[in-house]
Enquirer: 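Got a structure for you, questions after.
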Amino acid sequence: MTLKKSEYAKSVIKKNSVNDILALKEKREKIVAITAYDYTTSLICDRAGVDIILVGDSAGMVMLGQRNTTPTLMRDMLVFCKGVSMGTKRAMVVGDLPFGSYQPSKEVAMNSAIKFIKNGCDAVKLEGGVELVDTIKALVSAGIPVMGHLGFKPQTFSFWDHHKVQARTMASSLDLITEAKALDKAGVFSIVLEMVTSEAASIISRIVSSAVIGIGSGPGCDGQVLVLHDMLGLYEDIKPRFVKRYANLSGDIFRAISKYKNDVKCAKFPEDENTFHMSSDEYSKLQENDFKSK
Ligand code: KIV
């Protein structure tokens, strides 16, 4: 449900829980997820009625200018998570555990996940398959909802440089299905499938009980996620084929800033309506002073 600004500000809204997300899958209503990294944009996403806001480690690229997500730090993610949680009343906030914050051991993963929860997240996401089963079980038994991430795995992609699109063959699809089933059995409530062929993604969505959220994985998934800066046309360094641009904000922002620059240079800004004045009495008294001698 999308609310007007005034209605949204007044409303007391219940946060989406794991059960709310799973109920959407159950009734075949598509799940809408989007990334956000700060208070201001998450407020807009939440008011627009998205179901899940993912504080993706893509923050390292779109907010900090990294070339990929591998160097993204816990320290930075926690700041982004805090901002998003402050701007979110309804959507489930999922924090993306960055590379290195969950692989060493389940104790390290638990420590990182608890930091995310303390900074306002309602769940955490991690990238990987069967090798993470014990970690996922430990987090879930501590009460922390976990979202998995299979298919194209950006955190380690640059080390291997294999094909981006996953599950193009029967054999690789069967491997991916095994991974998805393992995550499902370990207790994830949701799985992101990134750049998986539409055919394999549809089968996985059908056979697992967790909610499958696709990015570049076709329409058969239980829901979709896009990176906010990609869909708004704000981030222009990379434009994956699966992204649909719903706006051209970088053009809009460029035009607005150029206009502001010209207005200041030509003394067209600020205008009287942007200016504060003292009374004419006070101004006359002020002018009687000899400013130079003071
Ligand atoms: O970090 C991110 O934005 C993600 C999405 C691509 C799913 O993991």
Side-chain angles (χ1 to χ4, degrees), residues 21 30-38 41-42 45 50-74 76-81 83-84 88 91-103 112-113 116 121-129 132 145-158 164-166 176 179-180 183 188-196 201 204-205 210-218 221-245:
I21 300 300
K30 293 285 186 187
I31 299 161
V32 183
I34 195 159
T35 71
Y37 316 97
D38 67 318
T41 55
S42 56
C45 297
V50 303
D51 302 305
I52 296 175
I53 297 184
L54 171 66
V55 189
D57 61 354
S58 48
M61 298 172 72
V62 300
M63 302 297 285
L64 302 176
Q66 294 165 196
R67 288 187 52 227
N68 56 47
T69 60
T70 318
T72 305
L73 297 174
M74 270 298 280
D76 297 327
M77 286 301 294
L78 293 177
V79 175
F80 298 131
C81 289
V84 169
T88 309
M92 171 189 270
V93 175
V94 181
D96 205 1
L97 291 171
F99 182 65
S101 72
Y102 58 93
Q103 290 90 345
S112 305
F116 270 46
C121 293
D122 307 307
V124 297
K125 173 164 95 55
L126 32 74
E127 281 179 29
L132 292 175
V146 179
M147 176 183 264
H149 184 143
L150 291 172
F152 175 69
K153 288 178 267 178
Q155 291 182 353
T156 48
F157 173 74
S158 61
K164 282 194 171 176
V165 178
Q166 309 286 307
L176 190 66
E179 303 265 28
L183 294 195
V188 297
F189 75 97
S190 173
I191 302 173
V192 165
L193 283 187
E194 183 161 357
M195 292 180 81
V196 169
I204 292 171
S205 307
S210 42
V212 174
I213 310 293
I215 175 160
S217 299
C221 300
D222 301 311
Q224 300 292 326
V225 60
L226 280 178
V227 170
L228 181 77
H229 291 54
D230 287 341
M231 61 90 74
L232 292 180
L234 200 49
Y235 180 76
E236 294 178 312
D237 294 4
I238 306 168
K239 155 102 177 59
R241 183 159 84 88
F242 59 76
V243 171
K244 179 165 173 184
R245 287 232 162 114

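Both ligands and their constituent atoms are indexed starting at 1 by order of listing.
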Enquirer: Check step by step if side chain to side chain contact (heavy atoms under 4.5 Å, CB included) holds for M61 and I238.
Expert: CA-CA 10 Å; M61 298 172 72; I238 306 168; 3.6 Å; yes

Enquirer: Any side chain to side chain donor-acceptor pair (under 3.5 Å) involving residues 51-66? Give me the pairs, sequence neighbours left out, ordered by first then second residue.
Expert: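 Those involving residues 51-66 are Y37-S58, D57-Q155, Q66-T72.
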
Enquirer: Tell me if the CZ atom of R245 is crowded by more than 12 foreign heavy atoms within 6.0 Å.
Expert: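 Atom CZ in R245 is crowded, with more than 12 foreign heavy atoms closer than 6.0 Å.
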
Enquirer: Check the pair I52 / V225 against side chain to side chain contact (heavy atoms under 4.5 Å, CB included), numbers first and verdict last.
Expert: CA-CA 9 Å; I52 296 175; V225 60; over 6 Å; no

Enquirer: Can you see which heavy atom on T70 is nearest to which on S158, and at what distance?
Expert: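 That closest heavy-atom pairing would be OG1-OG, 4.1 Å.
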
Enquirer: When rounded to the nearest 0.5 angstrom, what distance separates CG in L234 from OG1 in T41?
Expert: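 Answer for the CG-OG1 pair, L234 versus T41, is 9.5 Å.
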
Enquirer: Enumerate the pairs of nitrogen or oxygen atoms, one from ligand 1 and one from the protein, separated by less than 3.5 angstrom; state names and distance to 0.1 Å.
Expert:
| from | atom 1 | to | atom 2 | distance (Å) |
| --- | --- | --- | --- | --- |
| ligand 1 | 1 (O) | D57 | N | 3.1 |
| ligand 1 | 1 (O) | D57 | OD1 | 2.9 |
| ligand 1 | 1 (O) | S58 | N | 3.0 |
| ligand 1 | 1 (O) | S58 | OG | 3.3 |
| ligand 1 | 1 (O) | D96 | OD2 | 3.2 |
| ligand 1 | 3 (O) | S58 | OG | 2.5 |
| ligand 1 | 8 (O) | D96 | OD2 | 3.4 |
| ligand 1 | 8 (O) | K125 | NZ | 3.0 |

